[in-house]
A.B. asks: 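I have a structure I would like to understand better, so I am pasting it below and will then ask my questions one at a time.
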Amino acid sequence: MTDPAGFLRIPRRPTPSRPPGERARDWDEVYQGQPLLPLVSDQARRCMDCGVPFCHGACPLGNLIPEWNVYATHGDWATAAERLHATNNFPEFTGCLCPAPCEDSCVLALTDEPVGIKQIEQTVAEQAWAGGYVSPLRPTRLSGRSVAVVGSGPAGLAAAQQLTRAGHAVTVYERADRVGGLLRYGIPDFKMSKDRLDSRIAQMEEEGTVFRPGVDVGRGLDADRLRSDHDAVVVATGATRPRELHCEGRTLRGVHHAMEYLTAANRATPSCPVPAALSARGKDVVIVGGGDTGSDCLGTALRQDAASVVQLDINPRPGPDRTADEPWPLVHPRIHRLSHAHEEALARDGADPRAFSSVTVRFDGDPSGAVRALVLNAVAPDDRRPLPGTNREIPAQLVLLALGFRGPDQDPGLVVPLGLTATDQGTFARTPDFAALPVAATPWEGRGTTAVFVAGDAGRGASLVVWAIAEGRAAAAAADRFLRGATELPAPIRATDRPLA
């Protein structure tokens, strides 16, 4: 502990973001050019170095938060980066994208605002790159075993990097034209620059990981062949099947799933702009869904110069504080939060774009078959029953459905050859050790068996980036144990672990 009274005399001061009105006119990161190292070091002094640091338990990676806070306090960014990378392959991803459940479980949050762990982490990660502390870690000895990783989102990338560093020959197969999964085409640049992703992929290639984008396992590449060509397979395809909204007018032109819209925006270049049908420019936009994906759609629509944007949330507006049924240290309690996109909407339009306790009744169309309006109804906050006499119509020429995801694609070409089975929740079934089926034999016993492991949202369901990375690391440890008979790779979680809630 570097400052026993730090938490008493230093108030929480977040790193200032760029002004909302300025940043909504470009696609640069919200905090680009903003890190103030003395401010961040001062904020790290607020860490109490608790005897039982609950932030560890809230973070599935088990990040060594009090340790790198000490080094950040002294401005020792090299050692802070080493401690950060000890448990997290991609801290710049989590620094940008994770909602920081560690902060909700910070002991200081019992009586004050928590330590600004997320911003400290992001600053340490950025200083690691700026100072040249991130370098390829090539294996010292090769195992002679090969592993296929299907999917290149955060879980797949984490599993691939761990297994490559353990000495296995790893090939990552990605069905999209570029590597990164939803990090590439689902996350807007203003939330995380693609430069961060590209830097990590370059590091992994130097370590020996092979990437094969544009290869759809089960369709473009026979999954039986994949299994026969490798000693182990890690399935990390994500949870990409969107939840559907079944109501009148759903098939009207202009009603799209959120990922269709975000993918088009992320693929856009000056020479290949967003298709007019998926552009928000000049349109009244309605986003159905109050989560992070809906917030990403909001920020994107504002940057595309939408005429208006409304975000519907079926849940009631939360209060500013934890409720009695969500006591500390439960992670990520339901409190009223403003995302960066909500701040930008407030700056532009002077009002919060969200309509709480609202449910979609139907979509109305024009004579050409395009959506022109959405009819909504207020619902009771306790049981979501529609309230009589609360129907109202709002204009909409573009509707984005951000209702979450049902699980991974159940393509028979992938599922059957790899022995995958679906759970009642639509995810791929697996053992507590991430195996798709119980492993009865191992290559090191000389039987030539190929084991299949499931990591990330494909097995857990849609979750946070920090859980995806933890899953990738743990699945890599399970695969390494299968290939060698033992492993030194860390396994931060089991497949059955869940957040404290």
Side-chain angles (χ1 to χ4, degrees), residues 1-15 39-74 76-77 79-128 154 158 321-322 326-335 337 463-474 490-494 497-501:
M1 187 174 184
T2 60
D3 188 344
F7 69 96
L8 293 173
R9 62 180 182 80
I10 302 173
R12 176 170 168 134
R13 287 183 57 204
T15 301
L39 169 63
V40 173
S41 293
D42 205 42
Q43 288 298 295
R45 293 180 189 276
R46 301 183 71 236
C47 179
M48 297 188 292
D49 194 18
C50 305
V52 180
F54 281 80
C55 54
H56 283 300
C59 176
L61 286 167
N63 278 340
L64 307 173
I65 296 166
E67 293 188 32
W68 40 261
N69 274 337
V70 170
Y71 296 113
T73 295
H74 293 296
D76 185 353
W77 304 109
T79 309
E82 185 277 324
R83 291 286 78 199
L84 184 53
H85 281 93
T87 56
N88 188 350
N89 296 70
F90 315 118
E92 65 275 20
F93 297 176
T94 52
C96 288
L97 304 176
C98 183
C102 51
E103 293 189 15
D104 292 318
S105 291
C106 174
V107 175
L108 187 54
L110 275 168
T111 58
D112 198 354
E113 292 187 279
V115 175
I117 299 169
K118 177 183 171 75
Q119 290 183 342
I120 299 169
E121 176 183 27
Q122 185 170 357
T123 301
V124 172
E126 290 175 351
Q127 291 306 302
D321 302 310
R322 289 177 182 265
E326 290 187 324
W328 180 90
L330 298 187
V331 299
H332 217 57
R334 292 167 293 179
I335 62 174
R337 306 174 194 267
S463 189
L464 305 179
V465 62
V466 68
W467 278 94
I469 296 172
E471 288 244 347
R473 288 170 67 88
I493 59 172
R494 290 171 68 81
D497 288 344
R498 291 295 181 269
L500 183 64

A.B. asks: Residues in side chain to side chain donor-acceptor pair (under 3.5 Å) with Arg9, at least two apart?
C.D. replies: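 By the side chain to side chain donor-acceptor pair (under 3.5 Å) rule, Arg9 matches Asp3.
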A.B. asks: What closest approach, in Å, do Leu108 and Met48 show between heavy atoms, and which atom pair accounts for it?
C.D. replies: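 Shortest heavy-atom separation between Leu108 and Met48 comes out as N-CE, 3.5 Å.
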A.B. asks: For Pro492, which residues count as a side chain to side chain contact (heavy atoms under 4.5 Å, CB included) partner, sequence neighbours excluded?
C.D. replies: Ala470, Arg473, Ala474
A.B. asks: Which residues pass the side chain to side chain contact (heavy atoms under 4.5 Å, CB included) test with Arg322, not counting sequence neighbours?
C.D. replies: Asp104, Trp328, Leu330, Pro333
A.B. asks: For the pair Arg45 (side chain) and Phe7 (backbone), establish whether a donor and an acceptor sit closer than 3.5 Å, ignoring hydrogens and angles.
C.D. replies: no
A.B. asks: For Arg334, is there any backbone N or O sitting under 3.5 Å from a side-chain donor or acceptor partner on Glu326?
C.D. replies: yes
A.B. asks: Under 3.5 Å, is there a donor-acceptor pair between the side chain of Ser105 and the main chain of Cys102?
C.D. replies: no
A.B. asks: Which is it for Glu121 and Glu126 under the side-chain contact (heavy atoms from CB on, under 4.5 Å) test, yes or no, and what are the steps along the way?
C.D. replies: CA-CA 9 Å; Glu121 176 183 27; Glu126 290 175 351; over 6 Å; no
A.B. asks: Please assess Glu103 against Val115 for the test side-chain contact (heavy atoms from CB on, under 4.5 Å), listing each intermediate value before the final yes or no.
C.D. replies: CA-CA 7 Å; Glu103 293 189 15; Val115 175; over 6 Å; no
A.B. asks: Is the closest basic N to carboxylate O distance between Arg46 and Asp112 below 4.0 Å?
C.D. replies: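 Salt bridge present between Arg46 and Asp112.
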A.B. asks: Which distance, rounded to the nearest 0.5 Å, do you find between the CG of Asn88 and the OG1 of Thr94?
C.D. replies: 4.0 Å
A.B. asks: For Trp467 and Leu61: C-alpha separation, side-chain torsions, deciding distance, then whether side-chain contact (heavy atoms from CB on, under 4.5 Å) applies.
C.D. replies: CA-CA 7 Å; Trp467 278 94; Leu61 286 167; over 6 Å; no
A.B. asks: The criterion is salt bridge (charged side-chain N to carboxylate O under 4.0 Å, His left out); which residues satisfy it with Arg494, sequence neighbours excluded?
C.D. replies: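 Listed in chain order: Asp433.
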A.B. asks: Hey, does Pro53 have a side-chain heavy atom less than 4.5 Å from the side chain of Ile65?
C.D. replies: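 With C-beta onward as the side chain, the pair stays apart.
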A.B. asks: Where the side chain of Gln43 meets the backbone of Ile120, is there a donor-acceptor pair that is under 3.5 Å apart?
C.D. replies: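 Here the side-chain-to-backbone pair does not exist.
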A.B. asks: Side chains of Ile335 and Arg337: closer than 4.5 Å at any heavy-atom pair?
C.D. replies: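 Counting from C-beta outward, Ile335 and Arg337 do come under 4.5 Å.
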A.B. asks: How far apart are the closest heavy atoms of Phe54 and Pro329, and which atoms are they?
C.D. replies: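 Closest approach of Phe54 to Pro329, heavy atoms only: CD2-CG, 3.8 Å.
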A.B. asks: What do the steps show when you test Asp49 against Val70 for side-chain contact (heavy atoms from CB on, under 4.5 Å), and what is the final call?
C.D. replies: CA-CA 9 Å; Asp49 194 18; Val70 170; 5.5 Å; no
A.B. asks: If you take all heavy atoms of Phe90 and Ala158, which pair is closest and at what distance?
C.D. replies: CE1-N, 3.5 Å
A.B. asks: Scan for side chain to side chain donor-acceptor pair (under 3.5 Å) pairs involving residues 52-74, sequence neighbours excluded, and state none if there are none.
C.D. replies: Asn63-Thr87, Glu67-Arg83
A.B. asks: What are the two closest non-hydrogen atoms of Cys47 and Pro66, and how far apart are they?
C.D. replies: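 Smallest heavy-atom distance, with atoms named: SG-CA, 3.9 Å.
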A.B. asks: Examine distances only and state if a side-chain atom of Lys118 and a backbone atom of Cys98 form a donor-acceptor pair shorter than 3.5 Å.
C.D. replies: yes
A.B. asks: Is the side chain of Gln127 donor-acceptor paired with the backbone N or O of Trp77 at a distance under 3.5 Å, no angle test?
C.D. replies: no
A.B. asks: If you compare all heavy atoms of Ala86 against all heavy atoms of Leu64, which two are closest, and at what distance to 0.1 Å?
C.D. replies: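 Minimum heavy-atom contact is CB-CD1, 4.4 Å.
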A.B. asks: If you take all heavy atoms of Arg12 and Pro114, which pair is closest and at what distance?
C.D. replies: NH1-O, 2.9 Å
A.B. asks: Listed by chain and number, what are the side chain to side chain donor-acceptor pair (under 3.5 Å) partners of Ser463, not counting sequence neighbours?
C.D. replies: none
